[in-house]
Amino acid sequence: MAKPKSTFRCSACGHTVAKWVGRCPECGEWGTVDEVASLPAATAAHSAVAPSSPAVPITQVDAASSNAIPTGIAEFDRVLGRGVVPGSVILLAGEPGVGKSTLLLETVKHWARGGRIALYLTGEESAGQVRLRAERTDAVHENVYLAAETDLATVLGHVDAVRPTLLVIDSVQTMVATGTDGVTGGVTQIRAVTTALVSLAKNRGIAVILVGHVTKDGNVAGPRSLEHLVDVVLSFEGDRHTSLRMVRGIKNRFGSADEVGCFEQRSDGIHQVTDPSGIFVHQHDSDVSGSSSIVAMDGKRALVGEIQALLAESKMANPRRAVSGLDSARSAMVLAVLQGRAGLPLGEKEIYLSTVGGMKVTEPAADLGIALAVNSFVTNKPTPRTTVAIGEVGLAGEVRRVSAVGRRVAEAKRLGFTHAIIPAGSDDPLPKGIRVTRVSGISDAIRAVTIRDVSRAPF
């Protein structure tokens, strides 16, 4: 018999090298290369094995067993793709304290109220701590079973005893697979635990939701293969200074991967926000200079927001430029275009740009809104509250087309806007009942908002 041949494998990325090195040449991590034994490849041909179930034509496959079950939370179902599919594995990742456990307690509450059994297993808290939070958020139900456990074998025992249709693991980094090398939360342990839970979900038709940690870079902690093993990967995002929370789809085998669900964190739990656009628009009593309304796309969702600009005299050689909620590089470019192409005196001014309500906009479609807000403050002529601006600004001063113009204009109309400024050449079908001005340059857009009578604007 051939002797085993030793190789060295990185526990972080799985890269294999012939000899030990201190730093993995593939991912650059230090101290992750360990020795593993591998047998030489077999020389004999593989023999055929009879399958446990024969292959059948796809037209004869019953898809009813894979129909999604709504969770009772419309915003969560929106991101999942109509609901939770039996036998699926969902990974929900987010920063500490963003509200992952609170959202999942809300999910199991609605699941239990539908007459189904849910099992919530926590490895980070005691059962009493989870019970206290469940009482605060009104998530106590007799069909919700709770246990504090970190051993994978015991977890499987709980599943056999309770027989749930929904299993929540909080979190996958705290689970330990006995007999598998590696420390708790390490790459090897996470891979082994996830593989076992995926097998459990597929074999028994149990929907499994895994809570995952994130690194300081915002990526899902653990091996990259973790995201390949599961069916759905969701990112739970939120700013500590605001109550708004976003559940963003990264991967989804049962629906669109670019949907976004909006929630609001409150003292009594987390609540869905079906119309988040109102959060990002400040309701002025009268027209105020230095502001303009935009429509940004977050995934497939159109969100109406507001950009505010403030300029002040500066005695410094390099006046300050401060940006909040916007792309600083694009904002600087738009300011340069306004100075070089539209002739606005901005060189000796301190300029502050910000969104309202903690909205974060990085797409180019906000360029036109930035330009109109700055021009409004410089000229002291308020942009009408009923006007929304959509478009990308180029270095030549032109206004370029952006995606989903029709969807953006429809959202603006729904919220009561009566006038939309869009790039010339946009061929998306537009809703009726809203005035539309098509502009080809930044100067045309400035004139469109300066003239209050827009009844002669082209449609």
Side-chain angles (χ1 to χ4, degrees), residues 287-297 304-311 319 321-323 325-355 361-405 408-409 412 417-428 430 434-454 456-459:
D287 291 344
V288 179
S289 63
S291 68
S292 65
S293 299
I294 63 169
V295 186
M297 295 298 298
V304 176
E306 182 179 341
I307 295 178
Q308 295 181 339
L310 176 67
L311 282 72
R321 304 285 192 265
V323 177
L326 298 167
D327 189 320
S328 58
R330 295 207 64 87
S331 299
M333 184 200 72
V334 174
L335 295 176
V337 172
L338 286 174
Q339 184 173 357
R341 301 292 182 180
L344 296 185
L346 305 179
E348 299 180 355
K349 303 284 187 180
E350 290 186 356
I351 302 177
Y352 302 88
L353 299 172
S354 177
T355 57
V361 184
T362 58
E363 66 166 338
D367 292 354
L368 190 56
I370 297 173
L372 295 183
V374 173
N375 175 78
S376 173
F377 190 93
V378 171
T379 60
N380 197 24
K381 296 180 179 179
T383 302
R385 288 178 295 168
T386 56
T387 299
V388 64
I390 304 167
E392 176 186 356
V393 175
L395 293 179
E398 78 279 14
V399 179
R400 299 176 180 174
R401 291 184 293 177
V402 295
S403 62
V405 172
R408 298 174 197 258
V409 175
F417 288 86
T418 60
H419 181 208
I421 302 175
I422 66 174
S426 299
D427 52 2
D428 289 10
L430 302 178
I434 181 172
R435 293 187 177 92
V436 176
T437 301
R438 302 177 187 270
V439 298
S440 57
I442 187 66
S443 300
D444 298 336
I446 292 175
R447 285 193 294 269
V449 296
T450 303
I451 302 175
R452 293 303 184 92
D453 181 14
V454 294
R456 293 176 295 175
F459 289 85

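The structure places CG of Leu326 at 5.0 Å from CD1 of Ile307, a figure rounded to the nearest 0.5 Å. Expressed to the nearest 0.5 Å, how far CE of Met333 lies from CG of Leu395 amounts to 5.5 Å. The distance from the OG1 atom of Thr379 to the CG atom of Leu344 is 8.0 Å, given to the nearest 0.5 Å. Separation of atoms CD (Glu306) and OG (Ser293) is listed at 5.5 Å; rounding is to 0.5 Å. Rounding to the nearest 0.5 angstrom, the gap separating the CG atom in Leu338 from the CD1 atom in Ile351 is 8.5 Å. One finds the CD1 atom of Ile390 at 14.5 Å from the CZ atom of Arg401 (value rounded to the nearest 0.5 Å).
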Practice item. Could you walk me through whether Arg408 and Val402 pass the side chain to side chain contact (heavy atoms under 4.5 Å, CB included) test, one step at a time? Key: CA-CA 10 Å; Arg408 298 174 197 258; Val402 295; 4.1 Å; yes
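Across every non-hydrogen atom of Ala448 and Ile421, the tightest pair is CB-CD1, 4.0 Å. When every heavy atom of Ala371 is checked against every heavy atom of Ile442, the shortest pair comes out as CB-CD1, 3.4 Å. In plain terms, the two heavy atoms of Ala309 and Leu353 that are nearest each other are CB-CD2, 3.6 Å. Scanning both residues, Ile434 and Phe417, for their nearest heavy atoms gives CD1-O, 3.6 Å. Pairing each heavy atom of Arg330 with each of Thr362, the nearest pair is CD-O, 4.2 Å. The two atoms that bring Val295 and Ala412 nearest to each other are CG2-CB, 4.2 Å, heavy atoms only.
Put simply, the side chain of Ser289 never gets that close to the backbone of Pro382: no donor and acceptor are under 3.5 Å apart. A donor-acceptor contact shorter than 3.5 Å links the side chain of Glu363 to the backbone of Met297. A side-chain donor-acceptor contact under 3.5 Å links Ser292 to the backbone of Gly369. With Arg341 contributing its side chain and Ala336 its backbone, the two residues share no donor-acceptor pair below 3.5 Å. The backbone N or O of Gly394 lies less than 3.5 Å from no partner atom in the side chain of Arg400, so there is not a single donor-acceptor pair.
Residues Ile422 and Leu430 form a side-chain contact, since some pair of their non-hydrogen atoms from C-beta on lies under 4.5 Å apart.
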